[in-house]
Amino acid sequence: MSGDSGNNVFYGNTVNMHGGTGNTGMVFHAQGAGSGQDSAELTRAVGELVRLLAELRPQLSAQDAEVVDASLPAITGEEEAEPTRRRQALMTVLGIASLAETLGPPVVAAIRGVLGLLGG
């Protein structure tokens, strides 16, 4: 997205190539992708979410467990997913967890924490 004044405003990731060969590199403009501390905090939060989901899984129907399992690669970063796909996976699991009785609330809180670290 660029503004009318000629200034550029970026949302999400941007890659610019300026001539030559073998150019590599990426500039991250997404919140939470900055410092190593942010990354470590996100890694810890996702790890805690995965632990809670493992505890929640036995309480889920077979169909809901399959959906959670299918969402995990995008949530954990094991599958290289666009930020939108990761958010969709988190929101899908959030919906399932919100219906679970005992362990649902801690999972919901963990998902909200991960979403906060991802900037949304």
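Predicted model only: the values in this text are computed from it and were never measured.
- Summarising the geometry, atom CZ belonging to Arg112 is positioned 14.5 Å from atom CG belonging to Leu117; distances are rounded to the nearest 0.5 Å.
- By the side-chain contact (heavy atoms from CB on, under 4.5 Å) test, Arg51 pairs with Glu48, Glu55, sequence neighbours left out.
- Taking CG of Leu60 as the reference point, atom CG of Leu56 lies at 4.0 Å (rounded to 0.5 Å).
- Taken to the nearest 0.5 Å, the CZ atom of Arg87 stands 9.5 Å off from the CG atom of Leu94.
- Here Glu80 contributes atom CD and Arg85 contributes atom CZ; the two are 13.5 Å apart, rounded to the nearest 0.5 Å.
- In this structure, Gln63 and Val67 have side chains that are not in contact, with every pair of non-hydrogen atoms separated by 4.5 Å or more.
- In the hydrophobic cluster analysis, where Ile, Leu, Val, Met, Phe, Trp and Tyr join through side-chain heavy atoms closer than 4.5 angstrom, Val68 is grouped apart from Leu99.
- Leu90 meets the side-chain contact (heavy atoms from CB on, under 4.5 Å) test with Leu49, Ile75, Arg86, Ile111, Val114, Leu115, Leu118; sequence neighbours excluded.
- Annotation for Ala89 and Ala74: closest pair CB-CB, 4.0 Å, computed over non-hydrogen atoms.
- Closest heavy-atom contact between Val107 and Ala97: CG1-CB, 3.5 Å.
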